[in-house]
Structure formats: structure tokens, C-alpha cells
Amino acid sequence: MELESKVREALAEWGVEAGRTTLSDFESEDPELDARRRRKAQERDEQEELGYRLRNAELEEEIKRRRLQTAREEAAVPVAETEARVKLLGVQSEVLLQSLGELKDFNTPSIVADAGLANGALPLVVGQQMINQTLANIPQDPPQQLESGDEPEKKEK
């Protein structure tokens with residue numbers, strides 16, 4: 001154990017190479033002393049293992065924090081992109097672009113002769129009506145005119 005390695009190190013300083021010692025097989029004539037020595041060694045080993053477990057738990061928590069921060073940053077990107085388009089193009093244009101983006105994926109027949117055969121498809125005319133109603137309910141904010149490098153002015157409330 002520890003005593004054996006200390007003896008080897010001390011002998012190595014004198015240029016003596018220790019083979020195998022029997023110091024680790026030492027047993028005291030006093031059984032109580034031997035039991036205490038074994039308990040101390042066991043406690044030291046448990047303490048070392050707990051130290052490793054604690055460090056691993058701390059590393060796992062740090063990994064979780066970093067993943068959460070990364071997810072937050074990734075989630076903020078689409079919001080920032082939308083805000084930038086609203087500042088540049090105006091609210092109405094952004095709503096129109098998003099509506100058209102959603103509408104392009106709809107299953108839209110040009111004519112529905114039998115509602116039972118439509119199979120849940122949204123007629124193109126209904127989609128156009130939805131967009132027109134949405135646009136009619138959006139306030140008309142003209143886009144801000146920015147010079148390159150300028151920051152938009154904040155409105156005071």
C-alpha cells in the first residue's frame with residue numbers, strides 16, 4: 001500500500017532498487033490496531049471515490065448548463081431574424097411573408113367540387129381570404145429608413 005511505495009521511493013534515493021516487499025502484508029499483533037488501520041485505509045479509499053464522484057457530478061452539471069445556454073442562444077436566432085425583418089420591412093410585410101410561407105405547404109386544390117372529396121384540403125381562395133383578413137387587422141407601420149451603421153430610434157412610451 002502506501003507504506004510500501006514510500007519505502008521504495010526512499011530506497012530509490014540511495015540508488016537501491018526494491019524488489020517486492022512484504023510491508024503491505026503487515027499484520028499487527030494487536031487485532032484492534034490492525035482493524036483501525038484497515039478502517040482508515042477503507043475510509044481513505046471511500047473518500048477518494050467520493051471525490052471522483054463529486055467532480056463527475058460537477059462536470060455533468062457544467063455540461064447541462066452549457067447545453068441549456070446553447071439551446072437558449074439557438075432559440076433566440078429566429079426571433080432576432082424576425083425582429084430584423086420587421087424593422088426593415090414593417091410588420092405587415094413580415095406577416096405576409098410568414099403567411100405565404102405557411103400557405104405554400106398547404107394541400108390546396110384550385111377547385112373543390114365535392115367537400116367530401118376534398119380530404120381536408122384547404123382551397124386556395126380560403127387561404128387568400130385568411131391572409132387578407134390578417135393583413136387588414138395589422139397596423140400600418142411604415143418601415144424605418146436606416147442609413148448603414150445607424151441604430152433604429154427607440155420610441156418613448
Rounded to the nearest 0.5 angstrom, the CG-CZ distance for Leu33 and Arg38 is 11.0 Å
Does the distance from a Lys or Arg side-chain N to an Asp or Glu carboxylate O, for Arg39 and Glu43, drop under 4.0 Å?
no
Heavy-atom side-chain proximity of Val95 to Gln92 below 4.5 angstrom
no
One should read off an interatomic distance between Ile63 CD1 and Leu68 CG, to the nearest 0.5 angstrom, of 13.5 Å
Does CZ belonging to Arg67 count more than 12 external heavy atoms closer than 6.0 Å?
no
Using side-chain hydrogen bond (donor to acceptor under 3.5 Å, both in side chains) as the criterion, list what pairs up with Glu73, not counting sequence neighbours.
Gln69
Heavy-atom closest contact (Ser93 atom, Leu89 atom, distance)
OG-O, 3.3 Å
Checking salt bridge (charged side-chain N to carboxylate O under 4.0 Å, His left out) for the pair Glu83/Lys87: CA distance, chi angles, key distance, verdict?
CA-CA 6 Å; Glu83 288 175 349; Lys87 287 179 184 176; 5.7 Å; no
Mind checking the CD-CD spacing from Glu94 to Gln98? Nearest 0.5 Å is all I need.
4.5 Å
Going by the rule side-chain hydrogen bond (donor to acceptor under 3.5 Å, both in side chains), which residues pair with Arg53 if we only count those two or more places apart in sequence or in a different chain?
Glu49
Please list, chain by chain and in numerical order, all residues satisfying side chain to side chain contact (heavy atoms under 4.5 Å, CB included) with Glu13, sequence neighbours excluded.
none
